[in-house]
Amino acid sequence: MTKQQKQPPLILVDGSSYLFRAYHAMPALSASDGQPTGAIRGVISMMRRLIKDFPESPIGVIFDAKGPTFRNTIYSEYKAHRPPMPDELREQIEPIHAIIKAMGLPMFVIEGVEADDVIGTLARQATEAGIDTIISTGDKDMAQLVNQHITLVNTMKDDDAFMNVEGVKAKFGIPPELIIDFLALMGDKVDNIPGVPGVGEKTALALLQGLGSLESVYERLEEVPTLGFRGAKTMPKKLEEHKSQALLSKQLATIKTDVELKMGPADIKLVEPDKAALLDWFKKLEFKGWTEELLSAGETIDDVEQALDVTYETVLTQQQLDSWIKQLEQAELFAFDTETTSLDYMQAEIVGVSFAIEAGKAAYVPLAHNYVGAPEQLDRDKVLALLKPLLESADQKKIGQNLKYDQSVLARYDIELKGIAFDTMLESYVLDSTATRHDMDSLALKYLGHKTIHFEDIAGKGAKQITFDQVAIEQAAEYAAEDADITLRLHQALEPKLAEHPTLVKVFKEIELPLISVLSKMERNGALINPGLLQKQSVELAKRIDELEKAAFDLAGEEFNLGSAKQLGEILFNKLELPVIKKTPKGQPSTAEPVLQELALDYPLPKLILEYRSLSKLKSTYTDKLPEMINPETGRVHTSYHQAVTATGRLSSSDPNLQNIPIRTAEGRRIRQAFVASPGYKLIAADYSQIELRIMAHLSNDEGLLNAFSQGRDVHRATAAEVFGVPIDEVTDNQRRSAKAINFGLIYGMSAFGLAKQLGVSRKSAQEYIDLYFERYPGVLTYMDDIRHSAAEKGYVETLFGRRLYLPEIRSRNQMRKKAAERTAINAPMQGTAADIIKQAMISVDQWLTASQLDANMIMQVHDELILEVAEAQVDEVVAGLKLRMVAAADLSVPLIVDAGIGDNWDQAH
DNA sequence: GGGCGGTTATA
DNA sequence: GTATAACCGCCCG
């Protein structure tokens, strides 16, 4: 017997059902122009999933049309209680329709009926034509359509549960053909189908299971009381009374299967997607991942629509070079990029340089490609010597992407890069710090719709990655020239956007741009550490860690990996049966520090683990690692400061991170003692006192807070006096500690819950503290309210200097997200203003040190602290000048106070 | 080797 | 309750 080849099933998608579900399920995402995108993303990702899951199947998508349907004619109250569609959802419908069309999916939007009716009709017609149908919907009413040839699937649910005839019976307790009767009896609040009052799910089921169908229920009303459900005795009367309503409800609940359609199931076919149209939409809506997926490397949206005009030249002769130098000299502005052998600016060797003078016109000058068969190249030293005047000229304006890197690399070739006019990374960062990552690949995709050649494309990745000097010059030239070209184009795209916001232009020009060179210098200065001290500490730590491990094994009665939270949890909570205090997001019992702290009160093992953890952290992250990070040439460690990473405007530091060197414990401070001054020099550590609270005083203009600071009070003590109603010199240590937690809480946008946890008091008493605080400092309360409102209204918050942070989630309907955004709204202006202030101080200090030729260098920044290494003889002069400039970096309505310490090491300087 | 969860160091 | 970076273990391809 030959089995007939089965045709792939027809997929009918209930677009309208998914539209609403996606809208409510997705966070309130939006593109930077404000266009909401959550529902679009939700619906389209579902379509993509269907296409992937059913690659052979024709897929049709059906939406409700605007306006009334025949059901409104039958019953004017139908769906009358539906609130009007929210604007944010309405604005997403047109893009969804357009994208679905561009994806090549046939779409049905039929007036006068609902999507359900169109689906019912198409499914019936398909069945008649011998084709099986799968209806993708989240709407349970569709269960009435299920038969041997029609199944439902809910694509939005993770389990993707299919529902066939058996499935309907299992779920509802009745077969598909009784679903309409079920709905008719029960009614539907949402659609305003009346049903029979007093009949709910249970009663409707009992009736239908007992008597078969709505009609037979009415024929056999006298049997109803024998069914024995609750209220069965009075039910016949109710049913009789509302008979016409029940029949009307059945009519309303019945999905039509005979709608007149111009297209039938046979017209639903897979069509080739319209790539250009899709790209346009994805770009406009900022769907980065999907845009990237559509493009192949080196391709631009423009390429899909029309060929792009680029001329990239590989400069291999002196004549070519001369010509390019001449053109660069004449250019108002040019883009510039170096290609090197390493991301580490202290080790990188220049392999080539690239330039762009106008969009599409770029050159790559290979200088040190080194592989078998590499063509002869111009001499690196000679070329750099020829370029030096150009690169060192402040009048020759340059743009680049992360020019700090190029500046640091060039410095090692004795070229001091000047004339930095723009940096696309920082333009993008200042424009919107969180819209995207600010690497060139991301920026090209976001702002130009262009998928650049990625470094991995030409150099490979992982262990097999080659260095740039190994890359064939032909490929290298495409990549490098494109980098310069794209940098120029990005600038052309970003500068006008920035110009729309004068305060952002100021932040860019007066803070971020001048900071580039300051940071480059600090990084190259590096910090001197004494590896001997750290190595000695490592040995001691290893010994103590070993002892703790042995003791832990004894207590546990077996050996296990103390570094594994999983194995530790097994021992603590299963074997030793300690109480589970908190769970991790994944449901595993937490062994985090506060949990172990609490358990340590009653049990010995957690205490050991705590010490083990803290010592292991110190050893692995600091005492072992820092000596490894010493640059062999300079004998110092050179961090990287990232200028375009944080949401708020702070710097971050990595490789190594010098902004989280321990300070709280004695063992931790030993690590700071290994950060030393060179012989004949001292370290100066200068930090702003309470800068964020001072900024809050300034921004809120709260009288009490302003007074506390202008009178030079210990602010935590002053807060304690106010909140606990005691004279300031009678504040206990405990009261001060609580007040300090409250002050920090304020900066973090605190809730009573969070404060309670921090203080170890009840939520109620925490709330009382907060209420008391706001009573005493009403200006702060007003400020907090104002900032929440203004953030919600504008969609962003600002620092004192006008740096912006966009907070799209502040309008989220998800309360968790909304509250989180509100906390950020409160914190960001303070944290960000502090960052703006210290950045300006750094610029000013750098100018002063450079001009005065003092033997002093900035070597580190830790958010509110600057560390300088200074010749001993000049220490006093530098401390005075440093404090002066840090204090003068901002003019607030409270004084800025800077505390400075001097020492032979960082710990001593505190 | 890459990605992620859990944890912990700092302001 | 804010903002980061880096370690280890563990699971996956």
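Quick note on labels: first sequence line is chain A, next is B, and so on, each numbered from 1. Every value quoted in this text rests on a predicted model; they were computed, and no experiment measured them.
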Taking any heavy-atom pair under 4.0 Å as a contact, classify [X]: base, sugar-phosphate, or nothing.
X: A/Ala741; answer: base
X: A/Gly745; answer: base
X: A/Lys819; answer: nothing
X: A/Lys757; answer: sugar-phosphate
X: A/Ala820; answer: nothing
X: A/Asp687; answer: nothing
X: A/Phe744; answer: nothing
X: A/Glu692; answer: nothing

Students often mix this up, so state it plainly: with edges at 30° and 60°, are the rings of A/Phe468 and A/Phe455 parallel, tilted or perpendicular?
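The arrangement is parallel - the two ring planes meet at less than 30°.
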Would you indicate whether A/Lys583, at its atom NZ, is surrounded by more than 12 heavy atoms from other residues, nucleotides or ligands within a distance under 6.0 Å?
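Counting other residues, nucleotides and ligands, NZ of A/Lys583 stays at 12 neighbours or fewer.
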So if I apply the side-chain contact (heavy atoms from CB on, under 4.5 Å) rule between A/Met750 and each of A/Asn827, A/Asn743, A/Leu755, which one comes out positive?
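When side-chain contact (heavy atoms from CB on, under 4.5 Å) is applied between A/Met750 and each of A/Asn827, A/Asn743, A/Leu755, only A/Leu755 qualifies.
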Knowing that exactly one of A/Ile747, A/Leu746, A/Ile787 qualifies, which makes a side-chain contact (heavy atoms from CB on, under 4.5 Å) with A/Ile826?
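The side-chain contact (heavy atoms from CB on, under 4.5 Å) with A/Ile826 is passed solely by A/Ile787 among A/Ile747, A/Leu746, A/Ile787.
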With the threshold set at 4.0 Å, does a side-chain nitrogen-carboxylate oxygen contact exist between [X] and [Y]?
X: A/Arg736; Y: A/Asp714; result: yes
X: A/Arg544; Y: A/Glu547; result: yes
X: A/Lys461; Y: A/Glu456; result: no
X: A/Arg803; Y: A/Asp836; result: yes

DNA chain C: 5'-most and 3'-most nucleotides touching chain A, 4.0 angstrom heavy-atom criterion
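The protein-touched segment is C/dG1 to C/dC11.
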Can you check each nucleotide of nucleotides 5-11 of chain B against protein heavy atoms at under 4.0 Å and return B for base, S for sugar-phosphate only, - for none, in 5' to 3' order?
SSSBBBB
Go through A/Tyr405 and A/Tyr345 one step at a time and tell me if the ring pair (Phe, Tyr, Trp, His ring centres under 6.0 Å) criterion holds.
CA-CA 6 Å; A/Tyr405 174 82; A/Tyr345 59 88; 7.4 Å; no
Give the residues of residues 774-803 of chain A touching DNA chain C, defined as any heavy atom closer than 4.0 Å, sorted by residue number.
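Close to the strand, none.
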Between A/Tyr773 and A/Tyr769, does the ring pair (Phe, Tyr, Trp, His ring centres under 6.0 Å) criterion hold? Intermediate values first, please.
CA-CA 6 Å; A/Tyr773 181 95; A/Tyr769 290 160; over 10 Å; no
Side chain of A/His789, backbone of A/Asp785: donor and acceptor closer than 3.5 Å?
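Yes; judged by distance alone, with no hydrogens or angles, the pair exists.
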